[in-house]
**Student:** 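Below are the structure tokens for one structure; questions will follow.
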Number of protein chains: 2
Amino acid sequence: MASLGELERAVMDLLWAGQAAATANTLRDQLALSTEAQGGTAGHEGKELAVTTVLTVLSRLEKKGLVERERGTRPHRYQAVSSREDHTAELMHEVLGSAPDREAVLARFIGSVTESEAETLRKLLGHI
Amino acid sequence: MASLGELERAVMDLLWAGQAAATANTLRDQLALSTEAQGGTAGHEGKELAVTTVLTVLSRLEKKGLVERERGTRPHRYQAVSSREDHTAELMHEVLGSAPDREAVLARFIGSVTESEAETLRKLLGHI
DNA sequence: CGCAGGTTCTACGTCAGGTAGAACAATCGG
DNA sequence: CCGATTGTTCTACCTGACGTAGAACCTGCG
């Protein structure tokens, strides 16, 4: 159970991007800014969501264990439990584990990795 | 769009496991056999599904591009488009690509790989 | 031609996720 | 201490994916 919806994903992206814990309102504003008059890479809409919507999503993310909230302060402050990289790596492991022959999967995986990534991997595997 | 439901997954498992293209009826029977009186590792139920159910799922899998069917023969024959390993590796790439800093993700990923897997990777990456 | 086996259409129930109003809680200025 | 303001929780609706399958449709075979 690790799949995220589109909005959930957008919220996580903000939490991962920002350094400090954010409040629901902050996130609501930031969500509105995404794509706001930005004809660029596409994303959502410059749509103003209700704060309750953001709060609902945050609660769901909390239940999924992706978000942690400080309940002490009045505007609760939300933050990602783990970094985007950790989370993604974990997901990769999950996917890898979903096949019986992990090594065969790794073989295919390596087969289509970019050269720079291969280099990174070599470096990382080297000093063991 | 790559997530599979439980039954979809079970069908793919069968298609991946079997060597030849299967018919809907064959798959229905095999699905019934899963867990049939097998108190083991758990799975489904020895439940007899309607063939139409299997066909619906197969159609959905076809639409998702995971299954290919021969329409010429009368009982259509279904088979997985790509091997389980290829599919899984592709998924891993998808996940990897979902983060901006791929190399950082790889670093975390390698950090929690088993020794035997690390060995496999080293072998596959050669040393330039 | 009529039937049996096979496929497609249509449809319903459930659950996740997007969305938000209504109700409730806390906080702040007076 | 009280009302207004701000923030959170409850409840609920809508959509789409998926499990499930009956009804209707097609197609050789006898």
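Protein chains get the first letters and strands the later ones, always in sequence-line order, with residue 1 at the start of each.
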**Student:** Tell me the interatomic distance from A:L49, atom CG, to C:dG21, atom C1', rounded to whole angstroms.
**Tutor:**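 The distance from CG of A:L49 to C1' of C:dG21 comes to 15 Å, rounded to the nearest Å.
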**Student:** State plainly whether the residues B:R122 and B:E119 are in salt-bridge range, i.e. N to O under 4.0 Å.
**Tutor:**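 Looking at B:R122 and B:E119, the cut-off is met.
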**Student:** What's the separation between atom CG in B:L121 and atom CG in A:L121, rounded to the nearest 0.5 Å?
**Tutor:** 7.0 Å
**Student:** Ignoring the backbone of A:L7, work out which of C:dT19, D:dT8, C:dG17 is nearest its side chain.
**Tutor:** C:dT19
**Student:** Nearest whole Å is fine: how far is D:dT9 P from A:L58 CG?
**Tutor:**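 Going from A:L58 (CG) to D:dT9 (P), I get 10 Å.
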**Student:** Which nucleotide wins on minimum distance to the side chain of B:E6, given the candidates D:dA21, C:dG6, D:dG19?
**Tutor:** D:dG19
**Student:** Can you measure B:R28 atom CZ to D:dT20 atom P for me and round it to whole angstrom units?
**Tutor:** 14 Å
**Student:** Tell me which nucleotide among D:dA12, D:dG19, C:dT7 gets nearest to the side chain of B:E8.
**Tutor:** D:dG19
**Student:** Classify A:T56 by what it touches in the nucleic acid, base, sugar-phosphate, or nothing, heavy-atom distance under 4.0 Å.
**Tutor:**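 Contact class for A:T56: base.
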**Student:** Can you name the ring-ring contact (aromatic ring centres under 6.0 Å, His included) partners of A:F109, sequence neighbours left out?
**Tutor:** B:H93
**Student:** Check this for me: does any side-chain nitrogen of one of B:D13 and B:R84 sit under 4.0 Å from a carboxylate oxygen of the other?
**Tutor:**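 Yes, charged N to carboxylate O under 4.0 Å.
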**Student:** Between B:L61 (CG) and D:dA17 (P), how many Å, whole number?
**Tutor:** 14 Å
**Student:** When you measure from the side chain of B:R60, which nucleotide among D:dA12, D:dG19, C:dT8 comes out closest?
**Tutor:** D:dG19
**Student:** Does C:dA20 have its OP1 or OP2 closer than 4.0 Å to a side-chain nitrogen or oxygen of A:T53?
**Tutor:**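 Indeed, a polar side-chain atom of A:T53 lies that close.
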**Student:** Assess whether a salt bridge exists between B:R108 and A:E90, defined as any Lys/Arg side-chain N lying under 4.0 Å from an Asp/Glu carboxylate O.
**Tutor:** no
**Student:** Of all the nucleotides listed (C:dT27, D:dT9, C:dT8), which has the minimum atom distance to the side chain of A:R74?
**Tutor:**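 Nearest to the side-chain atoms of A:R74, counting from C-beta on, is C:dT27.
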**Student:** Side chain of A:N25, heavy atoms from C-beta onward: which of D:dT8, C:dT19, D:dG7 has the nearest atom to it?
**Tutor:** D:dG7
**Student:** When we call it a touch if two heavy atoms are under 4.0 Å apart, what does B:R71 touch: a base, just sugar-phosphate, or nothing?
**Tutor:** sugar-phosphate
**Student:** Would you mind classifying the nucleic acid contact of B:R69 as base, sugar-phosphate or nothing, using non-hydrogen atoms under 4.0 angstrom?
**Tutor:**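 Touches sugar-phosphate only.
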**Student:** From CG of A:D29 over to P of D:dT6, roughly how many Å is that when rounded to an integer?
**Tutor:** 14 Å
**Student:** Report the distance from atom CG of A:L55 to atom C1' of C:dG17, rounded to the nearest whole Å.
**Tutor:** 16 Å
**Student:** Nearest-Å distance, NZ (B:K63) to P (C:dC9)?
**Tutor:**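 Those two atoms, NZ and P, are 10 Å apart.
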